[in-house]
Engineer: 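Dumping the structure here so I can ask a few things about it.
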Amino acid sequence: MKKRVRVRFAPSPTGPLHIGGVRTALYNYLFAKQYDGDFILRIEDTDQTRFVEGAEQFIYESLKWCGIEPDESPLHGGSYAPYRQSERKPIYKEYADQLIRTGKAYYAFDTPEELETVRKNWEAQRKMFIYNQETRSMLKNSLTLTPDEVKKKLQAGLDYVIRLKIEGKDDIVFHDLIRGEVRINKLQIDDKVLLKSDGMPTYHLANVVDDYLMRISHVIRGEEWLPSTPLHICLYEAFGWENEMPAFAHLPLLLKPSGKGKLSKRDGDQLGFPVFPLSWKDPQTGEISRGYREDGFLPEAFINFLALQGWNPGTEQEIFSLEELTKIFTLDKVHKAGAKFDIKKGIWFNEQYLRKTPHEKILPLLKAELSLNSWNLEDNKLLQAFDLMKERISFHKELFTKGKFLFVAPENYDWTTIKKKLNDKSITLLTKIHDNWSVIEKWEVFTLENVFKEIIEQYNEKIGNIMPLLRNALTGESVGPNLFEISVFLGKLEVSKRIISFIETLKHNFAYKI
RNA sequence: GCCCCGUUCGUCUAGAGGUUAGGACCCAAGAUUUUCAUUCUUGUAACAGGGGUUCGAUUCCCCUACGGGGUACCA
């Protein structure tokens with residue numbers, strides 16, 4: 001029988017989740033769903049010094065917004081609870097003790113200060129210190145001290161850590177689902193701290209123990225973990241779990257647009273685009289960072305974009321729903337090299353989704369934005385406005401800036417264009433259009449256009465001369481959607497008002513010319 | 001320093017020995033449009049370098065360069 005697919009996304013709540021993390025979560029989710037497996041969210045909060053208020057909540061909200069909710073998590077529950085590592089503290093101690101008993105790990109009493117001194121000394125000799133099978137004999141631990149001394153120290157309540165005892169000089173070889181065979185010599189691996197002096201496990205211990213206990217079948221994580229994977233394998237072996245070891249897949253990193261370093265939380269919005277899915281307020285400084293949601297990205301577009309950063313289906317299709325992605329996602333199509341993040345493509349995705357997303361999904365977003373502007377409009381009018389503008393905006397909120405004239409009469413006009421087009425016929429024509437339009441019974445595009453064309457024919461005026469003026473009258477701008485459609489949208493009364501107002505302004509400013 | 005991973009148009013990438021090296025974004029030009037946008041057409045633009053292996057290498061191997069990651073009682 002094949003092992004059930006169970007994957008986990010295991011962020012630590014030391015700050016807001018950033019888009020690299022979201023992509024890791026996404027790939028885990030896609031992989032799980034494809035195999036009808038489970039997607040687990042585990043909170044790795046073992047570093048009590050770096051705890052950030054609200055960061056955990058931010059993770060839940062972000063995943064929810066993206067539509068990739070976990071099957072099991074601290075919030076959703078599950079049969080392997082608890083899913084928050086701080087609540088599993090006793091478990092790790094038990095497993096660490098087990099390794100002590102079996103001789104696979106040992107106590108170490110070196111204080112952080114002592115180790116720091118050793119490190120400095122080594123550095124002075126231009127060497128890098130690592131705590132490993134070659135150096136541990138010179139340090140203070142249960143391998144160098146007598147059993148009695150160790151016992152005394154423990155009983156005296158001295159601080160200690162538990163370190164993994166790496167043994168042997170052979171290579172650790174494993175097969176990464178994305179990278180193929182990876183090989184590293186055991187001499188390169190240090191005797192990593194498993195249990196910290198505060199009784200909390202380090203990432204390595206907690207991770208391996210939990211992945212084992214939670215029956216994780218595939219570990220899909222960022223490339224920054226690739227170098228410590230051999231260590232994790234040593235841990236599985238130390239526990240005797242080598243047959244239950246999950247498969248590993250290490251994802252390429254999302255890099256800064258410059259390519260210099262991985263995209264990090266700290267980049268904030270200095271780069272000109274959000275690095276967080278949602279906006280985030282730093283509880284310490286009060287500083288607010290932009291989020292994709294608040295910037296106006298549709299979650300479907302955001303996810304689609306993110307999915308294609310580092311993975312592709314091998315076909316030329318680029319637009320995929322989350323569900324489609326779950327059908328075609330494969331780890332072997334994940335690219336190996338890091339991807340320089342380029343927001344331009346992300347904006348393009350949003351434009352695509354803006355045009356194809358059904359009205360009922362767009363409406364709530366538009367209404368929320370409308371209320372911010374304290375404008376009032378019926379739902380169907382709002383959607384009509386959106387349809388008029390949707391092919392010339394990248395984000396739904398731009399309806400209210402680029403399409404402001406659909407909601408309020410223009411306060412200014414584009415004088416540069418007006419001056420070029422204005423002639424001695426202009427006022428007469430505008431007045432005529434106004435008057436003839438005023439008596440139209442069927443206020444629709446076809447009729448308006450016909451009446452308009454009859455007039456310019458009658459007066460032998462060029463369409464390119466009068467149209468910009470009429471457009472300015474109605475919108476205050478010289479470019480935009482079809483003018484007759486705008487007129488229909490605004491309604492006869494409003495159109496009449498705007499034209500009259502514009503004529504008045506012209507008369508006032510250009511009396512000499514007319 | 002040491003270890004690991006990587007390197008195809010500016011960017012995201014396809015390519016798994018023989019291709020006019022393909023697509024998308026961006027940019028540019030043209031067509032359509034009252035205008036802008038959309039749409040359509042076209043264009044610019046890439047195999048890091050050097051050695052092998054081979055009849056033939058972007059593709060396989062090695063070296064170099066460059067980039068990224070790791071090297072904590074952080075994850």
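Since the structure is predicted, the reported quantities are computational estimates derived from the model, not experimental observations.
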Engineer: Determine the interplanar angle of the A/Phe386 and A/His359 rings, folded into 0 to 90°, and report it as parallel if under 30°, tilted if 30 to 60°, perpendicular if over 60°.
Structural biologist: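 Aromatic pair A/Phe386/A/His359 classed perpendicular.
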Engineer: Is a donor-acceptor pair below 3.5 Å formed from side chain A/Arg179 to base B/C5, judging by atom type as modelled?
Structural biologist: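 Side chain to base: no pair below 3.5 Å.
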Engineer: Nearest to the side chain of A/Gln188, heavy atoms from C-beta on, is which of B/C3, B/G68, B/C36?
Structural biologist: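 So the side chain of A/Gln188 is nearest to B/C3.
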Engineer: Any side-chain N or O of A/Lys196 less than 4.0 Å from the OP1 or OP2 oxygen of B/C74?
Structural biologist: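 Checking B/C74 against A/Lys196, a side-chain N or O does come within under 4.0 Å of OP1 or OP2.
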Engineer: Choosing from B/A75, B/C73, B/G68, which nucleotide comes nearest the side chain of A/Pro112?
Structural biologist: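 My answer, after comparing the listed nucleotides, is B/C73.
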Engineer: Is there a salt bridge (Lys or Arg N to Asp or Glu O under 4.0 Å) between A/Glu318 and A/Lys345? Walk through the geometry before answering.
Structural biologist: CA-CA 11 Å; A/Glu318 293 199 289; A/Lys345 190 96 182 224; 3.2 Å; yes
Engineer: Once each nucleotide of nucleotides 23-32 of chain B is scored for protein heavy atoms under 4.0 Å, what B/S/- sequence comes out, 5' to 3'?
Structural biologist: SBSS------
Engineer: Against the six-membered ring of A/Phe329, is A/Lys327 placed for a cation-pi contact (under 6.0 Å from the centre, within 45° of the normal)?
Structural biologist: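 A/Lys327 over A/Phe329 ring: no.
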Engineer: For B/G1, give its Watson-Crick or G-U wobble partner with both distances under 3.5 Å, or none.
Structural biologist: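 WC or wobble partner is B/U71.
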Engineer: Select from A/Met467 and A/Thr111 the residue whose nearest nucleotide in RNA chain B is closer to the 5' end of that strand.
Structural biologist: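 The residue whose closest nucleotide sits nearer the 5' end is A/Met467.
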Engineer: Watson-Crick or G-U wobble partner for B/C26, using a 3.5 Å limit on both distances?
Structural biologist: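 Base partner found: none.
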Engineer: Could you tell me the separation between the CD atom of A/Glu449 and the C1' atom of B/U33, rounded to a whole number of Å?
Structural biologist: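 For the pair A/Glu449 CD and B/U33 C1', the rounded distance is 12 Å.
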Engineer: Round to a whole Å and report the spacing from NE2 of A/His232 to C1' of B/U71.
Structural biologist: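 After rounding, the reported distance stands at 13 Å.
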Engineer: Nearest-Å distance, CG (A/Leu429) to C1' (B/U34)?
Structural biologist: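 Checked: the CG to C1' distance equals 14 Å.
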Engineer: Now, which nucleotide makes the Watson-Crick or G-U wobble pair with B/U33, with each of the two distances under 3.5 Å?
Structural biologist: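 Its partner is none (no Watson-Crick or G-U wobble pair with both distances under 3.5 Å).
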Engineer: Could you tell me the Watson-Crick or G-U partner of B/U38, where both distances fall under 3.5 Å? Say none if there is no partner.
Structural biologist: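 Base partner found: none.
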Engineer: Mind calculating the distance between CZ (A/Arg471) and P (B/U34) to the nearest angstrom?
Structural biologist: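 Value for this atom pair: 11 Å.
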Engineer: How are the rings of A/Phe129 and A/Trp122 set relative to one another: parallel (under 30°), tilted (30 to 60°) or perpendicular (over 60°)?
Structural biologist: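 Aromatic pair A/Phe129/A/Trp122 classed perpendicular.
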Engineer: Starting at the 5' end of RNA chain B and moving along, which residue's nearest nucleotide shows up first, A/Val161 or A/Leu483?
Structural biologist: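 Taking each residue's closest nucleotide, the earlier one in sequence belongs to A/Leu483.
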Engineer: May I ask you to decide if the ring planes of A/Tyr203 and A/His232 are parallel, tilted or perpendicular, using 30° and 60° as cut-offs?
Structural biologist: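 A/Tyr203 vs A/His232 ring planes: tilted.
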Engineer: Looking at A/Arg84, A/Arg42, A/Arg8, which one forms a salt bridge (charged side-chain N to carboxylate O under 4.0 Å, His left out) with A/Asp210?
Structural biologist: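 Among the candidates, only A/Arg42 passes.
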Engineer: Ignoring backbone atoms, test whether A/Lys262 places a side-chain nitrogen or oxygen under 4.0 Å from the OP1 or OP2 oxygen of B/G68.
Structural biologist: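 No, A/Lys262 has no side-chain N/O under 4.0 Å of OP1/OP2 on B/G68.
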Engineer: Can you see if the side chain of A/Lys192 gets near the phosphate of B/A75 - specifically, an N or O under 4.0 Å from OP1 or OP2?
Structural biologist: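 For B/A75, OP1/OP2 do not have a side-chain N/O of A/Lys192 under 4.0 Å.
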Engineer: Expressed as a whole number of angstroms, how long is the span from A/Leu205:CG to B/A72:P?
Structural biologist: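 So the CG-P distance, A/Leu205 to B/A72, works out to 18 Å.
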Engineer: Is there a Watson-Crick or G-U wobble partner for B/C55 with both distances under 3.5 Å, and which nucleotide is it?
Structural biologist: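 B/G18 is the nucleotide pairing with B/C55.
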Engineer: Could you check how far NZ of A/Lys256 sits from C1' of B/U11, rounded to whole Å?
Structural biologist: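 Checked: the NZ to C1' distance equals 17 Å.
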Engineer: Whole angstroms only, please: what is the CZ-P distance between A/Phe320 and B/C12?
Structural biologist: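 The answer, rounded to whole Å, is 19 Å.
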Engineer: Classify the ring geometry of A/Tyr292 against A/Phe341: parallel below 30°, tilted from 30° to 60°, perpendicular beyond 60°.
Structural biologist: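 A/Tyr292 and A/Phe341: perpendicular rings.
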Engineer: Please work out whether the ring planes of A/Phe276 and A/Phe58 are parallel, tilted or perpendicular, with thresholds of 30° and 60°.
Structural biologist: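 Rings of A/Phe276 and A/Phe58: perpendicular, as their planes differ by over 60°.
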Engineer: Give the rounded distance in Å between these two atoms: CG of A/Asp198 and P of B/A72.
Structural biologist: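 Rounding to the nearest Å, CG of A/Asp198 and P of B/A72 are 18 Å apart.
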